[in-house]
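Any value given below was found using the heavy atoms of this structure, including those in side chains, with hydrogens, waters and symmetry copies removed. For the single chain, residues carry numbers from 1 onward in sequence order.
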Amino acid sequence: MKRFYMLLPLLSVLMMCAESAEAQSRFKQFFQRKNKVRKERVLKVAPPDSLLTIDSTKIVTTLPAVATDSIATAEQSAVEVKAEDVVEEKPYNPYLNITLTPAQMDSLVARWDESQNALAFENFFADYIAIDSLPSNTASLPDSVYESRLRALASPIQLPYNPIVKNYISRYTDTRYGTINRIMSLSHYYFPIIEEELLRAGLPVELRAMPIIESALAATAVSPRGAAGLWQFMPYTGKSYGLEVNSLVDERRDAVLSTRAACKYLRDLYAIYNDWTLTIAAYNCGPGNVNKALARAGAECKTFWDIYYYLPPETRGYVPAFIGASYAFAYHKKHNIEYEPSPLPIATDTITVRRIMHLGQVASTLDVPIEVLRRLNPQYKLDIIPATNKSYVLTLPTQYVSAYIEREEEIFRKDSAYLKEYINPANIDKKRLERPGFTYTVKSGDTLSGIANRYRVSVKNLMRWNGLRSANRLRVGQKLRIERGL
């Protein structure tokens, strides 16, 4: 096509120089044939049912509110372009020449982002995970199968197989409690974020399994000792790596910032040990305990498995749990692990906020559920973005970004209505005590300690929240209140 345009001036000169009417007629027929071919190519590249055509029904269902008259105008324009002859000298795709509103563009980008996410996951398991032809019922599989599957993962982190690892593989592939199913759902949102930061830091991407064993991918998870977030940072450690932790903001819950801090911490630990199993163990119990275990085990001991019996009991299971979680994620299909779509919007974008704001201001103006905003921005403990002396980031579903920019002043004008109750410190203390949570229905085989471990809370708190006097008196169907965001 480019050659044709380069020859246009030459052809024009030849046509002007043609003395006979017959020659001019031949040139005219030549150009008509070119126009016809060009039109056919355009329609072939972008047929009416292609992805480039504006599907008004999809746009309307994706956006909270879209002007239908503008969509109708876009569709009418598409019909007009298809109907008219292509007479322009420049070839173009008429389906890319339709004017869309910013909101419609956001909607299309969100749909594209979601499809790319799903495609990336499918490609990962298809291209990098060697799925064998053995039956899905793994109860009778020999140990050699697990060993070969772990070896096939080919990681710079040692992933050996032994009876201890087998026990954790069984735990993470057990679907009776729904934990692995929920983890797989959340991984569609969190793993792209975590993997990007790991790769940027030059760390093994397999470290993405650590938040599984730390928090089960729950951004608001809090341990009995006070560790919080996906990576379960203690307050002091989080602050030492640049995370803000105070009454209103806890960046240990921020997926991006906490992962960046975890990458720095892991790099520091690896610089000490030059061994990933020791690095992972030190992340759990601290380098001091690992150093003491190395000293007690002797100079010849250099890996986690060499010092296994000298480590704190909970750390002995940490590296095997890491291996079990890595296995369960990679081979979930072989264990019939099914899961629902991510409860969090896959397509998101960020807005820089430079004025103090309540999430309710955004929710009420844009008609987005405040629970969605809370789940995307768990670092704001009381729904307040305290942007008084510094700016903060607000994460939104992609399809709401243009609407936010367009109505930003309207959002900020609601500050007096939503922030007045927080001016009084007593009100802040009151709100801090109002913990979001949910109700769990006791099932057959449940124990209070098992429920507490599953949701990363303490048995003591479970008993306090539900007025229980004994940890051994549960009945099937009983409702238990589990509070989150502590």
Using the side-chain hydrogen bond (donor to acceptor under 3.5 Å, both in side chains) rule, take D275 and T303 through it: C-alpha gap first, then chi angles, then the decisive distance, then the call.
CA-CA 7 Å; D275 177 272; T303 70; 5.8 Å; no
Quick note, side chain to side chain donor-acceptor pair (under 3.5 Å) partners involving residues 159-170, not counting sequence neighbours, are D143-Y161, D143-K166
Determine, stepwise, if the pair L448 / L474 fulfils side chain to side chain contact (heavy atoms under 4.5 Å, CB included).
CA-CA 8 Å; L448 205 63; L474 289 181; 4.0 Å; yes
> Do W276 and V319 have side chains that get closer than 4.5 Å, going by heavy atoms?
Replying inline: no
Between T315 and C285 the two heavy atoms that sit nearest each other are OG1-CB, 3.1 Å
Problem - Evaluation steps, side-chain hydrogen bond (donor to acceptor under 3.5 Å, both in side chains), between Y172 and H335 - result: CA-CA 10 Å; Y172 275 105; H335 292 264; over 6 Å; no
Do I323 and I157 make a side-chain contact, defined as non-hydrogen atoms from C-beta onward lying under 4.5 Å apart? no
Exercise. Can you check whether F412 reaches M357 side chain to side chain, under 4.5 Å on heavy atoms?
Worked result: yes
A quick test of your reading: do over 12 heavy atoms of other residues, nucleotides or ligands sit less than 6.0 Å from CD of Q116?
yes
State whether the number of non-hydrogen atoms from other residues, nucleotides or ligands found under 6.0 Å of K264 atom NZ is greater than 12. no
Separation between CD1 (I180) and CZ (F329), nearest 0.5 Å, reads 9.0 Å
Point to revise | Quiz item: cation-pi between R149 and Y331, 6.0 Å / 45° | key: yes
**Report entry** Ion pair K381/E244, N-O distance below 4.0 Å
**Finding:** no
Rounded to the nearest 0.5 angstrom, the CD-CD1 distance for E406 and I411 is 10.5 Å
(message) Would you say that more than 12 heavy atoms from the other residues, nucleotides or ligands in this model lie under 6.0 Å from the CZ of R355, or not?
(response) yes
Taken in chain and number order and not counting sequence neighbours, the residues that satisfy side chain to side chain contact (heavy atoms under 4.5 Å, CB included) with E197 are R200, V256, T259, R260, C263
query: Taking it one step at a time, do Y418 and S364 satisfy side-chain hydrogen bond (donor to acceptor under 3.5 Å, both in side chains)?
result: CA-CA 10 Å; Y418 281 89; S364 63; 3.1 Å; yes
Open item on the list: Would you say that L159 contacts F322 through its side chain, given a criterion of any heavy-atom pair below 4.5 Å between the two side chains?
Closed with: yes
- Item | Within-4.5 Å side-chain heavy-atom neighbours: P235 and R252 | yes
* State whether R151 and E147 are salt-bridged, where the test is any N-O pair (Lys NZ or Arg NE/NH1/NH2 against Asp/Glu carboxylate O) under 4.0 Å. => yes
Original post:
Can you check whether A221's main-chain N or O pairs, donor with acceptor, with Q232's side chain at less than 3.5 Å?
Top reply: yes
To the nearest 0.5 Å, atom CE of M210 lies from atom CG of L198 at 9.5 Å
Taking every heavy atom of C301 against every heavy atom of I307, the minimum-distance pair comes out as CB-CG2, 4.0 Å
Inset, instruction - Step by step, work out the side-chain hydrogen bond (donor to acceptor under 3.5 Å, both in side chains) result for N291 and Y273. - result: CA-CA 10 Å; N291 291 345; Y273 299 109; 2.8 Å; yes
- [ ] Assess the pair Y265 and Y283: is the distance between their ring centroids shorter than 6.0 Å?
- [x] yes
Between I384 and H358, does a side chain to side chain contact (heavy atoms under 4.5 Å, CB included) hold up when you go through it step by step?
CA-CA 4 Å; I384 297 175; H358 191 283; 4.0 Å; yes
May I ask you to say whether R374 pairs ionically with E371, meaning some side-chain N is under 4.0 Å from a carboxylate O? yes
**Message:** For the backbone of T350 and the side chain of T395, can you confirm whether one donor and one acceptor N or O come within less than 3.5 Å of each other?
**Reply:** no
